[in-house]
Structure formats: structure tokens, C-alpha cells
Amino acid sequence: MPFGKPKEPKAPKEKKPKPPKPAKKPKPPKKVKPTKKPRKGAPPQGEGQEGQEGEQPKKKKPILLFILIPVVVAAVAAALVFFVIMPRLGNQDPDPEVTEEPKPPELPEELKVGEESVPGMALEADESGALAVLAKTITYTYTNLNNAGKAAETYVGQLKGADPAFSVVDEEFVRVKDAPDFTTAEGMVLLARNLPKPEPEGEETPAPTEEPKEGESAAPDSSAEPSQSPPPSSSVPPVDEAPDMVLTVRITWSNAEGQCVVTADEAEGKVTSPRPEQQSGGQSVGIRQAENQIRSMTPAELGLPGTSMADYEIFPQDVLETVDDTAYIRLNIYESVAPYTFVGSYLMGVDGEHLYRLDADTGELVDLEFTLNLSGSSTAAPESAAPATGAPESGAPESAKP
């Protein structure tokens with residue numbers, strides 16, 4: 001039997017009415033394209049189109065097939081090139097270099113001679129490396145001369161006294177003692193002098209290290225650590241040395257024609273003195289002979305002022321110097337009167353072929369013309385190089401050392 005009061009049933013909930021949906025807006029009518037004008041002879045557009053009014057024209061879909069085919073073909077071709085063709089080409093030998101056929105050289109077509117011209121040399125392809133080099137030869141003809149031989153003799157003296165001086169030489173550029181006879185009806189004489197060589201390009205020298213001043217000690221690292229040897233320098237290929245060149249003047253005279261022909265030119269070679277006969281001891285020129293050679297010459301021949309070598313003192317040096325693989329004796333010359341001014345240095349070759357004057361300003365060696373004098377002892381050194389004026393025995397006056 002149930003206890004308590006029975007529960008009263010709940011009243012059912014009332015459903016709220018839903019609001020009515022708003023009415024849809026009517027779609028605007030589609031625009032109808034204006035009809036095009038019919039072509040001539042074509043039926044009007046209205047005919048044959050019954051039943052199609054109101055139907056929408058269908059859009060054309062893009063044809064993907066025509067786009068995909070070129071892409072696939074390009075991808076397959078790239079794969080074939082990368083994986084098949086390129087590895088095969090990498091294993092093949094490179095193609096041999098194509099050699100160009102030689103071409104005829106480019107040479108001047110005409111050679112000018114005054115106001116006239118001469119056809120130039122034309123060469124074929126087998127002479128592709130040929131060059132046309134304009135010579136430095138200069139020729140002058142002196143005419144209407146009363147005595148052509150005397151005019152040539154005067155010109156030779158002028159060239160021998162020039163600075164730098166010319167020397168009368170033979171065809172081998174060896175100096176000759178005797179000049180030609182200018183009283184003959186016709187003749188020829190050759191003069192030459194050495195040309196200076198171009199100076200080689202100087203190498204950069206490292207900057208000198210500064211020495212510590214008085215009262216300052218050197219850096220501890222420099223004294224504690226031993227000096228390291230410089231790294232071995234890389235081998236430098238030898239540079240071709242410029243050849244020796246001479247400037248020549250050839251003079252040809254003719255009294256019958258009353259003219260002298262002077263031709264100046266450059267040639268490869270070197271002006272030298274005649275080789276003396278070798279002495280029994282095997283040495284050509286010794287210290288005494290080098291000193292006697294200087295004393296036998298005039299100051300003008302040595303490029304010095306004055307008229308006599310008695311105004312100068314000569315001090316030969318005991319140490320030989322080397323020039324062009326030849327040993328030379330150095331002789332320093334001072335004035336014989338105090339303060340014993342230094343006037344110049346000279347180098348006499350032991351082979352007797354060259355006597356050089358050392359230019360104190362430029363350091364250039366000037367080849368002097370001389371006649372070798374072999375009188376005197378060939379090996380004995382001077383007992384004392386001091387002059388009678390009381391100069392010290394060190395080889396040069398102390399107040400006049402350069």
C-alpha cells in the first residue's frame with residue numbers, strides 16, 4: 001500500500017509557434033544578348049530556332065588532354081637526357097682541337113723611297129710568321145766636296161772626340177790602331193761605339209728594420225728566439241738577357257765624284273780592344289801593368305781635366321772585381337795635392353781587352369779607347385800605394401776616401 005500523497009500529473013508544455021520564413025527574393029531576369037545582323041544570304045535567326053528559347057548555352061570545358069601530353073613528353077625527354085645520354089657522353093674522349101689553317105702574313109703593300117714607292121714583298125701562307133721591321137739605317141750623301149778624303153778624315157776626328165766617343169774598328173768591331181789613308185782617291189772607314197743595355201726591372205726590397213736607439217733595449221722576442229731561415233723562394237724562370245748592341249758609322253769617300261756617303265746603323269755585337277799576346281806566366285795584365293797603363297795615358301783619354309797624369313795619384317786595389325765573367329783590377333785616382341780629392345775609378349781587365357771608367361753618378365761603365373802597354377812586372381804588387389806626399393798606406397788618403 002503506497003505511503004504519502006499521490007503526485008499530481010504535470011500539465012503538458014505548450015509549443016511555441018515558429019515564426020514564418022521570409023519569402024525569397026525573385027531572381028532578376030537574365031540579360032538577353034541582342035541578336036546579330038544576319039549575313040548576306042543567310043536565313044534570319046528567328047527561323048529554325050523554335051523550341052530553343054529560354055535554354056542556356058552550355059560552357060565548353062577545357063580539354064586537359066592537350067595540356068598534359070606536352071608536359072609528359074617533356075618530362076620523359078629530360079629523364080632520357082639526364083640518365084642515359086649524359087653518362088654516355090661523359091665516358092667519351094673529348095673531340096680533338098681544331099687547328100686553324102695558316103694565313104698569309106700582313107705585310108706593307110708599298111715601300112716608300114722618297115716620293116716614289118716600290119711594291120712590297122707578298123708572301124704565301126707558308127710564311128705566316130713573317131714580319132716587316134723598318135730598319136734604323138740612315139744614309140746621307142755629301143756632294144760637291146773639293147777634297148772628299150780630307151772631309152772624311154775631319155769627320156772621323158769629330159766622332160772620336162764625341163761624348164761618348166767612337167772608335168775606328170774592323171768588321172768584327174775590334175779597335176784598330178792605324179787609321180786608313182785618307183789621301184787615296186777613294187776609301188772606307190768604319191767607326192762604332194757600344195750602346196748601353198736597358199736597365200732590368202728592379203725588384204722590391206724589403207723595408208729595413210729600425211735599430212733600437214741609445215738607451216732602448218731590443219724587444220725580448222727578437223733576442224730570445226733564434227732567427228728563422230727565410231722560406232725557400234720559388235724557382236724563377238731565367239730571363240733572356242738583352243744582346244750587346246753597337247752604333248756604327250760607315251764613311252765612304254770618293255775624290256773623283258767629290259762626295260762622301262755616311263751610313264749610320266745599329267748592329268748586334270760589342271766594341272773590343274785587340275787581344276794581347278799571352279805572357280809566359282799565363283797572366284796578361286797584372287797590378288803593375290794596370291797602373292802603368294793608366295800612367296801611360298793622357299788625362300783627356302781618361303776623361304780627366306789637366307794635361308799630365310803627374311797631377312794625379314793612382315791606387316790599385318788588391319781585390320779583383322768580376323764583370324761579364326772577366327776579372328778586372330780596380331784603380332782609384334786622386335789628385336796629388338791635398339786634400340787629395342777623389343776623381344774617379346777605373347777597371348782594367350786582366351785579359352787586356354777592356355778599360356772601363358766607372359761613372360760615379362749613374363754607376364755605368366764607359367768603355368775607353370786605349371793602346372795596351374805591357375811594360376812592367378806582371379805579378380808583383382806595389383810595396384806601398386802611398387804617394388810621396390805622405391798619404392797613409394791604406395790605398396787612398398783618409399780625407400779623400402769616397
Would V168 and V156 count as a side chain to side chain contact (heavy atoms under 4.5 Å, CB included) here? Give the steps. CA-CA 8 Å; V168 179; V156 168; 4.1 Å; yes
Is the number of heavy atoms from other residues, nucleotides or ligands within 6.0 Å of NZ (K270) greater than 12?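 Result for NZ/K270: enclosed.
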Would you say that more than 12 heavy atoms from the other residues, nucleotides or ligands in this model lie under 6.0 Å from the CE of M188, or not?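 Atom CE in M188 is crowded, with more than 12 foreign heavy atoms closer than 6.0 Å.
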Assess the residue pair N332 and I314 against the criterion (side chain to side chain contact (heavy atoms under 4.5 Å, CB included)); give the C-alpha distance rounded to whole Å, side-chain angles, the decisive distance to 0.1 Å, and a yes or no. CA-CA 6 Å; N332 295 333; I314 304 170; over 6 Å; no
Under 4.5 Å between any side-chain heavy atoms of [X] and [Y], yes or no?
{"X": "P316", "Y": "R330", "value": "no"}
{"X": "L191", "Y": "V169", "value": "no"}
{"X": "E369", "Y": "R175", "value": "yes"}
{"X": "L365", "Y": "R357", "value": "no"}
{"X": "T137", "Y": "T139", "value": "yes"}
{"X": "I287", "Y": "D318", "value": "yes"}
{"X": "L320", "Y": "I329", "value": "yes"}
{"X": "L145", "Y": "T143", "value": "no"}

Using the side-chain hydrogen bond (donor to acceptor under 3.5 Å, both in side chains) rule, collect all pairs that involve residues 181-195, keeping only residues at least two apart or in two chains.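 For residues 181-195: D181-T183, N194-D367.
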Could you give all pairs that pass the side-chain hydrogen bond (donor to acceptor under 3.5 Å, both in side chains) test and reach residues 103-126, with sequence neighbours left out?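 Residue pairs with at least one partner in residues 103-126: there are none.
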[X] versus [Y], closest heavy-atom pair with distance:
{"X": "S254", "Y": "A148", "result": "O-CB, 3.5 Å"}
{"X": "P105", "Y": "S128", "result": "CB-O, 3.8 Å"}
{"X": "W253", "Y": "A185", "result": "CD1-O, 3.9 Å"}
{"X": "G306", "Y": "P299", "result": "O-CB, 3.7 Å"}
{"X": "F166", "Y": "V249", "result": "CE2-CG2, 3.9 Å"}
{"X": "M297", "Y": "M309", "result": "O-CG, 3.0 Å"}

Rounded distance (nearest 0.5 Å) linking atom [atom1] of [X] with atom [atom2] of [Y]:
{"X": "R295", "Y": "L302", "atom1": "CZ", "atom2": "CG", "value": "11.5 Å"}
{"X": "M348", "Y": "N292", "atom1": "CE", "atom2": "CG", "value": "11.0 Å"}
{"X": "I251", "Y": "T263", "atom1": "CD1", "atom2": "OG1", "value": "9.5 Å"}
{"X": "L195", "Y": "E268", "atom1": "CG", "atom2": "CD", "value": "12.0 Å"}
{"X": "T298", "Y": "F370", "atom1": "OG1", "atom2": "CZ", "value": "14.0 Å"}
{"X": "L111", "Y": "L134", "atom1": "CG", "atom2": "CG", "value": "9.5 Å"}

Can a donor-acceptor pair be found, under 3.5 Å and without considering hydrogens, that links the side chain of [X] to the backbone of [Y]?
{"X": "N255", "Y": "N147", "value": "no"}
{"X": "S345", "Y": "L358", "value": "no"}
{"X": "E291", "Y": "R288", "value": "no"}

How about Y356 and Y346: are their ring centroids closer than 6.0 Å?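 Ring centroids of Y356 and Y346 are no less than 6.0 Å from each other.
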Check ion pair E153-K150 (N to O, under 4.0 angstrom):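 Judged by the 4.0 Å cut-off on N to carboxylate O distance, E153 and K150 do not form a salt bridge.
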Salt bridge or not for E171 and R250, using N-O below 4.0 Å?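 Yes, charged N to carboxylate O under 4.0 Å.
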Would you say the side chains of D265 and T248 form a donor-acceptor pair under 3.5 Å?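 No - no donor-acceptor pair under 3.5 Å links their side chains.
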Which is it for V285 and D351 under the side chain to side chain contact (heavy atoms under 4.5 Å, CB included) test, yes or no, and what are the steps along the way? CA-CA 6 Å; V285 178; D351 56 1; over 6 Å; no
Kindly indicate, with the supporting measurements, whether the criterion side chain to side chain contact (heavy atoms under 4.5 Å, CB included) is fulfilled by L304 and Y312. CA-CA 10 Å; L304 300 175; Y312 300 97; 4.0 Å; yes
Return each pair, listed once, that meets ring-ring contact (aromatic ring centres under 6.0 Å, His included) where at least one residue sits in residues 107-146; pairs must be two or more places apart or across chains.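 Not a single pair qualifies under ring-ring contact (aromatic ring centres under 6.0 Å, His included).
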Let's go through Y334 and F342 carefully: what are the C-alpha distance in whole Å and the side-chain angles of both, what is the deciding distance for ring pair (Phe, Tyr, Trp, His ring centres under 6.0 Å) to 0.1 Å, and is it a yes or a no? CA-CA 4 Å; Y334 297 81; F342 174 77; 5.3 Å; yes
